[in-house]
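Note that the structure is predicted; figures quoted are calculated from it, not measured. The sequence lines fix the lettering, A, B, ..., with proteins before strands; numbering per chain opens at 1.
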Number of protein chains: 2
Amino acid sequence: MPKRVRTITDLAKLAGVSPGTVSRALAGKSLVNAKTREKIEALAREHDFRLNQMASRFRRQKTGVIGVVIPLGHDRRQQISDTFFMTLLGYLADELTERGYDLMLRRVIPDKDEDWLDRFIGSGMVEGTIVIGQSDQFDRIEDVADGYRPMVVWGNHQEGQRHCVVGSDNRLGGKLAAERLIASDCQSIAFLGSTDPIEFAARFAGAKAVADKMGVSISVLPTHLNPDRAADEIAEHFASSHSDFDGIFAATDLLAVACLKEMQSRKIAVPGKVKLIGFDDLPIASQTQPPLTTVRQDIAAGARCLVDLLLRRMNGESTESLVLPPKLIARQTA
Amino acid sequence: MPKRVRTITDLAKLAGVSPGTVSRALAGKSLVNAKTREKIEALAREHDFRLNQMASRFRRQKTGVIGVVIPLGHDRRQQISDTFFMTLLGYLADELTERGYDLMLRRVIPDKDEDWLDRFIGSGMVEGTIVIGQSDQFDRIEDVADGYRPMVVWGNHQEGQRHCVVGSDNRLGGKLAAERLIASDCQSIAFLGSTDPIEFAARFAGAKAVADKMGVSISVLPTHLNPDRAADEIAEHFASSHSDFDGIFAATDLLAVACLKEMQSRKIAVPGKVKLIGFDDLPIASQTQPPLTTVRQDIAAGARCLVDLLLRRMNGESTESLVLPPKLIARQTA
DNA sequence: GTGAAAGCGCTAACAA
DNA sequence: TTGTTAGCGCTTTCAC
C-alpha cells in the first residue's frame, strides 16, 4: 500500500523534481514551468497533500495569526457588554479570515494575571494583537504600546494617549442621548450604570456637558453592569429615590431593558412619564415594547477599521486613532 | 550596547551552559541542577527572554491550539443563535485557556467553501477541532468523522451518527415546553420558527410527540431565524391566520421576544389569552415584561463537556456523545 | 527553470 | 547532571 504523501519531499519524489521546486509551485511563484506546476498540483490533489503550516510559518517567521484578547476587568465577568464584544468578535473573525489571517482568541482576567498582555504578545504566536475593550487596564496597555507597534485596541480615546485605538465617540453618544431627552422636555436626567469603565465615563461626561449647558440637572444612578444584579439595584433606586427624574440615559441597552421592565412593573409610563435611552442598539433594542430609543455603534465598521489599522501597523506604517460617530436611533421610549 | 537575547543559544552563552540545558531548565524538567536552573531563570527574567513558541511547537509537533469553527449555513448569517453560539464560545475560551490551549476561531460559510472542514483540519495548525453547530452540514461532518478523531461537535444527536457530539436534548426540551403549555390548558399549539436546522426539528418533534399523545393540535408557523425578518413574518401570521392557537412554542428566545412584542401591540393578553415559551434562556428572557418562560440550556456545562471529550479523544480514547438535559424555567408567559 | 544546500529555533536522543 | 548532535518540514538563497 502506498505510503501517505506527507511532506513536500515525498511529493517531490513522486513528481521527479526537487523539494524546492514543489515548494515554489505550491506557493504560486512565477518562476516555475507551467507543465511542472500542473503536474505537481495534480499530484498534490490526488494524494490530498497539504503543506505543513507549522513548518512553513516557522520557516518564514510568520505565524499568520492575529491575537484577539478580551480583558475581563471589574465586574465584567459574564457581563453586560459581552453581547457587544462577542458581536464585534464575530465580525473580526470574518474580516481577518478574508485577509488570510487566523484569529487566536484569549479571554483574560487581569486581576489574576498581571502580565496578561506581555505574555500574549511575547508568546511568539501572534503577528499582531487586537485588544477588545480597555476594561480597567488602560495604563497597562499604555505601558506596552511604545514597545510594541502591531497592536490596536477597541475602546475609548483619551487626549494624548499612546496606544492606537478605534472606538465610538462615547462622548458624542452621550451628547446625542442628552440632547434627545432634553428635546423631549426632560428637566432632570439620570445616568444609569457605572462610570468606572472609561467608555461609560465618557458617555456620562458627554451627557453632562449638554445637560449643564442647558440648565438641566443630571445625576448618576449607580448599578453593576451585569443585568441580573443591576435589576435589583434599579428596583432599589426606584423604591428609595425621590424619583425626581423624568429622563434616563442607560449606559447600555441591557441596562435600559432592565430599567424599562422595572418601570413597567411600577406602572410608570414610558415615555409618558419618564423617557428612556439606551446605548449600543443590540438586537433586543428593537424588540422591547415600546421599542427602545438608543445610540447605535456600527460594529461591523468598527471591526473593519480595527483590522485595517492593524495591518497597516504591521506594515510599519504609523496610524492615528479612529473615532467613529455613533448615531441616535429614535424609537419610542424617548 | 548588549545584543538582545533572542534565542535559547544566546541565553546559553550568557549562562555558560549548553542550549540543551537551557531548554531543559526552562521546560521545568527534573534533571537539572537546582543552581543551574536558578541561574538560567534569573538570566531569562533579566533579559526578558521568551521562548520562540513557533520553533518549540514545530519541533515538538504540537501546536497547542484547538480550532473552533462556526459554520454559517442557511440563513444563519448574523442570525438568531449567534448570541447563543457566541456565549458558548466565550466559555470555551475560558475552559481551553485553563487547560493550557489556545483557541483559534474561524467562521465559515459552507456554501462558498465546500472544503471548509478539511481545510481547517488539514491546516496543520490545530491539534483538535470543535465545531459549534451542525448548521446544514451534518453530512459533511459525518464524512470526516471517521478519518479524524480529535473532533467534537456541538449540536444535535442522531441515532447511529458517527461524529461525537455534545448538545442539549432538544427533543426533551420540546417535550418540556409542550407539557407546560398543555398543563396550562392549551388546546392548540403553534411552533414558531424554522424546522430546517436539525436542532429545531428535534425541538418540534419533541413537542409534537407530547401534543399528539395528549390529543392537542400542533402546527408550524414558519419564520426565518433572523429576528428582524421574523418580526414581519410573525405579524403576517397574526394578521392572516385564524389565530386558532392558544399556546406558542418558539424555537428560540429571540423569536419568542419578537412574538411577545407583536402580541402586545395587538393587545393579545400573555399569558391570559395565549401562552408563550421560548428556548435558550438568554439574558433577555428574564428581562421581558412579563418575563419569559423558557427552556434553559446550560451553556457553561456544555463548554466544559466539549473540552473534556475533545481532550480525551486527543488522548486516543474513544468517547460517546453526550446529551445534556435542558430545564424548564417557569416564569410568567406560560 | 531547477537542484543543492543551508538553515529557522528549538527539543530529545544519546553520550559522556 | 550536562553537552553534543541530529533533525522537525519547509523556504530561499545561490549556483547551474
Report task. To the nearest Å, give me how far apart CZ (Arg50(A)) and P (dC10(D)) are. Result -> 13 Å
Requested in this report: May I have the distance from Lys39(A) (atom NZ) to dT2(C) (atom P), rounded to whole angstrom?
Outcome: 10 Å
Query raised in the report: Considering residues, nucleotides and ligands other than Glu320(A), do more than 12 of their heavy atoms fall under 6.0 Å from its CD?
Result: no
Requested in this report: Quickly work out the Leu31(B) CG to dA15(C) C1' distance and round it to whole Å.
Outcome: 14 Å
Report task. Nearest whole angstrom, please: distance from the P of dA4(C) to the CZ of Arg24(A). Result -> 11 Å
Report task. Verify the contact: side-chain N or O of Ser23(B) to OP1 or OP2 of dT11(C), cut-off strictly under 4.0 Å; return yes or no. Result -> yes
Query - Any Arg6(B) side-chain nitrogen or oxygen under 4.0 Å from OP1 or OP2 of dG9(C) - result: yes
Report task. In plain terms, say whether Arg57(A) and Asp102(A) are close enough for a salt bridge, that is, a side-chain N and a carboxylate O under 4.0 Å apart. Result -> yes
Report summary line: Rounded to whole Å, the CE-C1' distance (Met125(B) to dC8(D)) equals 15 Å
Query raised in the report: Looking only at side-chain N and O atoms, does Gln53(B) come under 4.0 Å of OP1 or OP2 in dC10(C)?
Result: no
Requested in this report: Send over the distance from Arg37(B) CZ to dT2(D) P, rounded to a whole Å.
Outcome: 9 Å
Query raised in the report: Of all the nucleotides listed (dG9(C), dG3(D), dT2(C)), which has the minimum atom distance to the side chain of Arg59(B)?
Result: dG9(C)
Query raised in the report: Got a salt bridge between Asp115(A) and Arg45(B), using NZ or NE/NH1/NH2 to carboxylate O under 4.0 Å?
Result: no
Query raised in the report: Does the pair Arg99(A)/Asp308(A) count as a salt bridge with the N-to-O cut at 4.0 Å?
Result: yes
**Report entry** Rounded distance in Å - CG (Asn52(B)) to C1' (dT11(C))
**Finding:** 13 Å
Query - Leu51(A) side chain, from C-beta outward: closest of dT1(D), dT11(D), dT2(C) - result: dT11(D)
Query raised in the report: For dC10(C), does OP1 or OP2 lie under 4.0 Å from any side-chain N or O of Thr9(B)?
Result: no
Query raised in the report: Ignoring hydrogens and angles, does a donor from either the side chain of Arg57(B) or the base of dG9(C) sit under 3.5 Å from an acceptor on the other?
Result: no
Query raised in the report: Taking Val5(A) as the fixed residue, which of Leu14(A), Asp48(A), Leu43(A) is the one that meets the side-chain contact (heavy atoms from CB on, under 4.5 Å) rule?
Result: Leu14(A)
**Report entry** Candidates dT2(D), dG1(C), dC10(C) - which lies nearest the side chain of Ala55(B)
**Finding:** dC10(C)
Requested in this report: Indicate whether OP1 or OP2 belonging to dC10(C) is found under 4.0 Å from a side-chain N or O atom of Ser56(B).
Outcome: no
Query raised in the report: Can you check the Gln61(B) CD to dT11(C) P distance for me, whole Å?
Result: 13 Å
Query raised in the report: dA12(C) phosphate, OP1 or OP2: any side-chain N/O from Lys29(B) under 4.0 angstrom?
Result: yes
Query raised in the report: Ring-on-base stacking between Phe58(A) and dC8(C), under 5.5 Å between centres and under 30° between planes: is it there?
Result: yes
